[in-house]
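The structure under discussion appears below in the form of structure tokens.
Everything numeric here is computed off the predicted structure, so don't read it as measured data.
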Amino acid sequence: MKWLTKRHIALYLTILMLAFLVAAFAITKGTPLHKEDTHYLYSGWLTAESRDPENEPYFEKGQTVYQLRMVHELDDTVKGKVLSFRTYDSYVDAWFCDSPDIPADNDSAFYHFGETLRFCDSPGTYTHFLSIPETDAQYLVIRVETAYANKFLTSYDVAIGTENELLYNNLKEDLIPSISNLGMMIFGILLIVIYIIGRCKRIASVESLSLGCLSIAFAVNFNCPLFLNQYLYQNAVVQYYANYFSLFLLPLLVILYFEDIVPKLRMRWMFYGFLLLEAALSVVHFTGIASYTRTIKSFTAALGILAVVSILLIIKHYREMERFNRISIILLLSFVCGNVIFFIFVSTLGDQTFIIRTGVLLYLGLAVVNGIRKLMNEINRERESRLLQEIAYTDKLTKMGNRYALERDARECVLEQTSIVSMDLNLLKTTNDTYGHAGGDVLLQSAAKCMTAVYDKVYRVGGDEFIALLHQKSQNDLEQLHHMLQEQIRKMNADRSDFGEFAKTDTFRLSIAAGYAAYTPGDNSYEQIMSRADEAMYREKKRMHREQKETVRPS
């Protein structure tokens, strides 16, 4: 099943992810940028209480829920503007009210964020966009709820302004992560282009394809918490499922890449194991048996196993790897360890991936440079190989194949379907003595032009000796081709334009003796056929010499 190999499966999933992203971006609208002042609102207080899970299906019974209420009067600084703020693993509801209290009717909320248990029990990090219309209500009331105290803040920076203002200011905050993710996407595309060029040139560079797809998946996965990505999606379901999809794709591409750069490494069992695990987790999630966040815990545990097994296998085959790959992987692992240390001892909020992003970007940049270097080396080597092949198998003067080319091609022919024509120039030595080697070269080139006009494969096997290798020709066919050759010679001698500086010399003429032979039962090699063709050629040569003597004999 050629089209169901590991590499094809990973490629199909990558294409599916990209198609998903294109479709998601196609249904959103962009906004032009310009800078204006933005108003900020700081408000709210933190309370904790136990909720009834029957009324709040996304919380479990007896679970502590942390709730924050934000209130703002609906004055001219708010009406007609867009309100934006970012939450972490929290549910959000918003109302237009005549009092600052949270309404008892949740269904009256004009904005709700947070999916039901079937999708996830933790909405994750998200930037909210609330359009505030002209309304007679007096207050805007926002409720933020979460079951994770460490992910909940006592106050939020709430930006209020036009869409353009929000976009400009948030892009400034997310500029570095946006550039890094754009860099990963560009590097991924460059690596895939390197692979395609290599494939067209028949140069093996499979690691460029696997790393290119891996880079794109990284960019999609790391990009999801960013403002720009969320602004373009403006759909939490689309955004998070792009995140989860790319996360599921990452280990498959990592396994393929490790197999490409580590000789003798085989992780087929782990690849298909992850594929089955991801399919099972998706079924469990979409059937409502467990939330996606909970299924991710199983997936994360499997990722940990993959990391440990991969490190052990890479250490085992470390010295078999190319020097570039050894240095690059050590560099990348150092950045990963640095990011883990940062996550454990420094901060678990905000951007936690900038260290590993830096390492990945550096790794990808080195990989692109190395891929281009290998591609250029292979192209130069291929060019040199073609040049050596041409020198070894081509006659420099006539541009025909030489004796080595004849032996090579004859071995590939079916002996029972082979015919050979042996040809020899008449009076080449006389021409060289009379007109010099320049005259002899013109005569040889003219002969080559006549021969190639009649026969497909002609080889110069000696000074004035030529062999034509034919396929499936009967005796009648060979005789007709012989007549065509003599007709070409007659026309060239009459026209004389191919003779160059010797065209006006009447004694400068082309004459070729040719003999032909086809396979007969009992022949064991093409040399036996060529021997009979040589005999026929020499008989023809003697006949032509005899006729020439009779022509010039005085009466």
Side-chain angles (χ1 to χ4, degrees), residues 7 10-22 25 171 174-201 203-226 228-229 232 242-243 245-262 310 314 321-336 338-339 351-379:
R7 196 169 304 282
L11 187 60
Y12 300 151
L13 292 175
T14 304
I15 293 172
L16 183 62
M17 180 190 69
L18 293 176
F20 177 84
L21 293 177
V22 170
F25 282 119
L171 279 178
D174 286 339
L175 182 62
I176 294 177
S178 297
I179 291 175
S180 66
N181 285 300
L182 180 62
M184 279 189 278
M185 188 69 74
I186 291 173
F187 281 143
I189 294 172
L190 284 175
L191 287 165
I192 292 175
V193 170
I194 289 172
Y195 168 78
I196 293 172
I197 294 173
R199 188 68 183 268
C200 294
K201 297 287 185 180
I203 299 171
S205 57
V206 288
E207 70 277 3
S208 297
L209 176 63
S210 54
L211 184 59
C213 294
L214 181 60
S215 175
I216 292 173
F218 260 119
V220 173
N221 187 262
F222 285 162
N223 201 42
C224 285
L226 298 177
L228 178 60
N229 184 287
L232 292 174
N243 190 9
F245 192 97
S246 59
L247 182 63
F248 273 11
L249 190 58
L250 285 177
L252 304 180
L253 296 172
V254 166
I255 290 170
L256 285 180
Y257 180 61
F258 283 163
E259 286 188 341
D260 290 338
I261 65 171
V262 182
S310 298
I314 289 174
M321 299 168 58
E322 293 182 8
R323 185 169 177 233
F324 170 82
N325 291 328
R326 294 202 302 264
I327 296 173
S328 300
I329 284 183
I330 290 175
L331 183 66
L332 181 61
L333 288 176
S334 65
F335 278 94
V336 172
N339 208 111
D351 185 9
Q352 307 151 13
T353 62
F354 70 95
I355 297 177
I356 192 172
R357 272 207 310 268
T358 303
V360 169
L361 277 173
L362 183 57
Y363 185 88
L364 290 171
L366 292 173
V368 168
V369 172
N370 187 55
I372 294 174
R373 179 185 63 81
K374 289 177 66 175
L375 194 62
M376 294 306 297
N377 288 343
E378 289 296 331
I379 290 174

Hey, does Lys374 have a side-chain heavy atom less than 4.5 Å from the side chain of Glu322?
yes
Any pair with a residue in residues 187-200 that passes salt bridge (charged side-chain N to carboxylate O under 4.0 Å, His left out), sequence neighbours left out, goes on the list, sorted by first then second residue, please.
none
Rounded to the nearest 0.5 Å, how far apart are OG of Ser310 and CZ of Phe258?
5.0 Å
Let me confirm one number: the CD1-CG distance from Ile255 to Leu214, rounded to the nearest 0.5 Å.
11.0 Å
Could you check if a side-chain atom of Val206 sits within less than 4.5 angstrom of a side-chain atom of Glu259, using non-hydrogen atoms only?
no
Do the side chain of Ser210 and the main chain of Leu253 share a donor and acceptor less than 3.5 angstrom apart?
no
Could you tell me the separation between the SG atom of Cys213 and the CG atom of Leu256, rounded to the nearest 0.5 Å?
9.0 Å
If every non-hydrogen atom of Ile261 is compared with every non-hydrogen atom of Glu207, which pair is closest and at what distance?
CG2-CB, 3.9 Å
If I compare all heavy atoms of Gly183 with all of Leu361, which pair ends up nearest, and what's the gap?
C-CD2, 3.8 Å
Shortest non-hydrogen separation from Ser215 to Gly188 and the atoms involved
OG-N, 3.5 Å
Got a second to check how far Ile192's CD1 is from Ile216's CD1, nearest 0.5 Å?
3.5 Å
Measure the shortest side-chain to side-chain distance between Leu191 and Leu209 over non-hydrogen atoms and say whether it is less than 4.5 angstrom.
no
Would you compute the distance between atom OH of Tyr195 and atom CG of Leu211 and round it to the nearest 0.5 angstrom?
14.0 Å
Only pairs under 3.5 Å count here: list side-chain donor-acceptor contacts from residues 363-371, not counting sequence neighbours, and write none if there are none.
residue: Tyr363; atom: OH; partner: Tyr257; partner atom: OH; Å: 2.5
residue: Asn370; atom: OD1; partner: Arg373; partner atom: NE; Å: 3.3
residue: Asn370; atom: OD1; partner: Arg373; partner atom: NH2; Å: 2.4

Looking only at heavy atoms, what is the nearest atom pair of Gly198 and Leu375, with distance?
CA-CD1, 3.7 Å
For the residue pair Ile197 and Val193, establish whether any side-chain heavy-atom pair is separated by less than 4.5 Å.
yes
